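Below is one structure, written out as structure tokens, with a few remarks after it.
Note that the structure is predicted; figures quoted are calculated from it, not measured. We use all heavy atoms of the structure for the numbers below, so side chains are in, but hydrogens, waters and symmetry mates are not. Atoms within each ligand, like the ligands themselves, are counted from 1 in listed order.
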Amino acid sequence: MATVTRRFITTGMHCPSCSAVIQMDLADLAGVASAVSDHRTSITEVTYDDDVTGPDDIIGAIVKAGYGAEPVEE
Ligand SMILES: [Cu+2]
């Protein structure tokens, strides 16, 4: 098991309830330890077990919630 933290540019967030929706949906995703989303910076920071999940799943969950996402290259 390897815990990693990655940031995702998240588009379409307008207010704190948008970021709350994203955080809740990501928290439900298997392997996600924590998710913090900030509508002011358009950044979602996700800590997850990369044996269980990964950027594709995380982006999929954000898109399913109605927002856009792409990984921050770092
Ligand atoms: Cu909102």
Side-chain angles (χ1 to χ4, degrees):
M1 146 163 187
T3 301
V4 297
T5 300
R6 287 203 69 176
R7 295 187 299 154
F8 298 85
I9 299 163
T10 310
T11 54
M13 294 192 288
H14 306 293
C15 68
S17 53
C18 291
S19 37
V21 165
I22 291 169
Q23 287 173 180
M24 282 188 298
D25 284 2
L26 289 174
D28 286 344
L29 198 63
V32 171
S34 72
V36 178
S37 200
D38 187 337
H39 74 282
R40 292 164 302 182
T41 58
S42 298
I43 293 290
T44 300
E45 186 173 273
V46 187
T47 300
Y48 58 92
D49 178 350
D50 76 352
D51 288 340
V52 179
T53 190
D56 289 348
D57 293 338
I58 290 163
I59 289 169
I62 295 172
V63 169
K64 203 171 151 198
Y67 302 90
E70 58 180 272
V72 174
E73 302 304 332
E74 47 197 343

Selection residues 15-24 - residue pairs positive for side chain to side chain donor-acceptor pair (under 3.5 Å), sequence neighbours left out: none

Spacing of D57 atom CG and K64 atom NZ [to the nearest 0.5 Å]: 11.0 Å

Rounded distance (nearest 0.5 Å) linking atom CZ of R6 with atom CD of E73: 6.0 Å

Spacing of D25 atom CG and I58 atom CD1 [to the nearest 0.5 Å]: 13.0 Å

Option from I62, V36, D38 for which side-chain contact (heavy atoms from CB on, under 4.5 Å) with I22 holds: I62

Under 2.8 Å from the Cu ion (ligand 1) - protein N/O/S, by chain and number: C15 SG, C18 SG

Inter-residue atom distance I9.CD1 - T44.OG1, 0.5 Å rounding: 10.5 Å

